[in-house]
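Bear in mind the structure is a predicted one, so any value in this text is a computation, not a measurement.
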Amino acid sequence: MPAVRRTGSRSRCGCSATTTQTLLCGRCRAREHDGHAVYGVQEAAGGYRRLFQELLNASREKLGVAESMLADERDRMAAVQGEEQDFKEMIESEYRIRFQLMIEEMNFQSLQGCLFNLNVRENGLNQLMEFATELKEKSQETLQRLNVLGKENMNKLKESEVRLSEQICGLQRIIAELEKKCGDYTLALLQNARYSVERSESLLRQCLEPAQITDLSLCLVTGMSRTLSILQRAVTLDPKTAHPCLVLSEDLRSVSLRNVQQDIPGSPGRFVFGATVLGVEGFTSGRHYWEVDVEKATKWQLGISEDSARSDGGLPAASREKFLLTGSLMGTDYTFWVFPPLKRVFLRGEQMHKVGVFLDREYGQVAFYDVTNRSLIYNFSSLAFRGAVKPIFSLCFPSGGASSDSLSVCFPHVSPCDVNVSP
């Protein structure tokens with residue numbers, strides 16, 4: 001406590017809180033305080049008490065924000081670890097798909113007579129071995145980059161955790177000090193009052209910011225195997241499964257949404273809740289690929305479903321019976337979700353117009369591609385199918401007003417022996 005000048009009477013006045021905060025005797029005023037504003041002790045204590053209460057309220061509020069942010073950062077640490085593992089599996093699966101498709105391409109060329117000549121066949125095999133080596137190198141490079149980014153993100157989150165923990169401890173200490181100050185008697189409250197204010201304000205000025213981490217989607221495999229064009233199918237929509245609000249084109253390649261249900265006969269496999277339709281084709285073996293134009297839809301869902309849709313219109317009950325990608329367009333930005341399990345997929349890139357769906361029954365793989373930007377969106381691997389699977393297409397009912405959303409299956413575009421071996 002600052003020195004108090006005494007003359008035998010009790011100190012009862014003090015300098016302004018903006019200057020020295022020195023307690024003075026009311027009868028003898030030192031010359032060095034002649035230019036200072038002087039208040040009564042009770043008046044000064046009352047001002048400080050109100051200031052301490054304001055600082056206490058602000059500190060409690062900031063403590064709540066800091067504790068919430070710390071909990072979020074710890075959740076992000078767990079999420080980042082899971083996300084890194086997901087990306088690792090996706091990258092490994094995509095490179096396996098590319099190698100398998102390369103084998104498919106070689107077989108296709110052989111059937112077309114492109115490799116009838118033995119020398120050409122040998123060159124093709126050598127090219128395939130080179131391709132396999134290049135794929136392995138690219139895969140290792142991509143996984144290494146993913147590992148580096150994952151470690152960097154984790155370090156940033158750990159540093160953020162430490163920083164927030166320190167800020168929380170500081171806030172807890174100053175809150176305890178301010179609570180005590182608010183309950184102290186007059187002279188005890190004024191003791192080191194200025195120091196308490198400065199410490200409180202310093203803590204309140206500190207910014208609370210979450211860690212800025214790098215988007216792991218930067219490690220996603222870019223480009224698409226040219227062999228997919230060989231496998232591309234012109235999927236036909238099945239009118240017997242279409243929801244009554246869906247209108248199919250005459251060639252059964254496009255589906256659009258209406259706000260009013262059509263008067264159409266019932267069918268055991270018809271969807272009556274979701275605006276969904278299945279493809280006619282049921283796949284029990286082999287590899288298959290189809291593309292869908294999504295440019296005229298603001299929210300859509302694509303994927304595969306085991307041929308077991310219920311008559312009440314719902315999708316198959318068990319999560320293992322369907323694998324879906326949902327796209328939602330807001331302005332020019334897409335938000336993607338996959339199922340199962342339901343989780344968001346974070347992607348960077350321009351607006352897409354076409355989505356490719358790849359199915360490999362033997363290896364249990366389903367992959368979704370952004371055909372517009374030629375990049376992988378998401379893939380599922382190690383799936384076990386129990387029966388035939390069919391393409392599935394869904395549109396979203398609008399929350400209000402009319403909807404003109406539509407989806408169209410794209411026609412294949414391939415010229416047989418004009419496909420070269422390439423990564």
Worksheet item: Are V247 and V255 close enough that some pair of their side-chain heavy atoms sits under 4.5 Å apart?
Response: no
Practice prompt. For residues R287 and L101, determine if any side-chain heavy atom of one lies less than 4.5 Å from a side-chain heavy atom of the other.
Written response: yes
May I have the list of side-chain donor-acceptor pairs in residues 85-94 shorter than 3.5 Å, sequence neighbours left out?
unit_1 : atom_1 : unit_2 : atom_2 : d
Q85    : NE2    : E89    : OE2    : 3.2
D86    : OD2    : K343   : NZ     : 2.7
S93    : OG     : Q365   : NE2    : 3.3
E94    : OE1    : Y369   : OH     : 2.8
E94    : OE2    : R98    : NE     : 3.2
E94    : OE2    : Y369   : OH     : 3.2

Discussion item. Using side-chain heavy atoms (C-beta onward) and a distance below 4.5 Å, is D405 in contact with W300?
Written reply: no
Worksheet item: If we ignore angles and hydrogens, is there a donor and acceptor under 3.5 Å between the side chains of T276 and S394?
Response: yes
Discussion item. Does the plane of the ring in F385 sit parallel, tilted or perpendicular to the ring in F323? Use 30° and 60° as the thresholds.
Written reply: perpendicular
Item to complete: Tell me yes or no: between the side chains of N57 and E61, is some donor less than 3.5 Å from an acceptor?
Response: no
Discussion item. Under a plain distance cut-off of 3.5 Å, with no hydrogens placed, do T214 and E152 share a side-chain donor-acceptor pair?
Written reply: no
Discussion item. I'd like to know whether R163 forms a salt bridge (charged side-chain N to carboxylate O under 4.0 Å, His left out) with E166, so could you lay out the CA-CA distance, the side-chain angles of the two residues, the decisive distance to 0.1 Å, and finally the verdict.
Written reply: CA-CA 5 Å; R163 184 172 59 254; E166 291 174 349; over 6 Å; no
Discussion item. Going by the rule salt bridge (Lys or Arg N to Asp or Glu O under 4.0 Å), which residues pair with E179 if we only count those two or more places apart in sequence or in a different chain?
Written reply: R60
Item to complete: Please check if the side chain of S408 supplies one atom and the backbone of D293 the other of a donor-acceptor pair under 3.5 Å.
Response: no
Item to complete: Ignoring hydrogens and angles, tell me if any N or O in the side chain of E281 forms a donor-acceptor pair with the backbone of V235 under 3.5 Å.
Response: no
Worksheet item: When the ring planes of F336 and Y334 are compared, do they come out parallel, tilted or perpendicular, using 30° and 60° as the limits?
Response: parallel
Discussion item. List the residues meeting side-chain hydrogen bond (donor to acceptor under 3.5 Å, both in side chains) with Q167, not counting sequence neighbours, and say none if there are none.
Written reply: Q206
Worksheet item: Is Y363 close to S381 at the side-chain level, that is, under 4.5 Å between some pair of heavy atoms?
Response: no
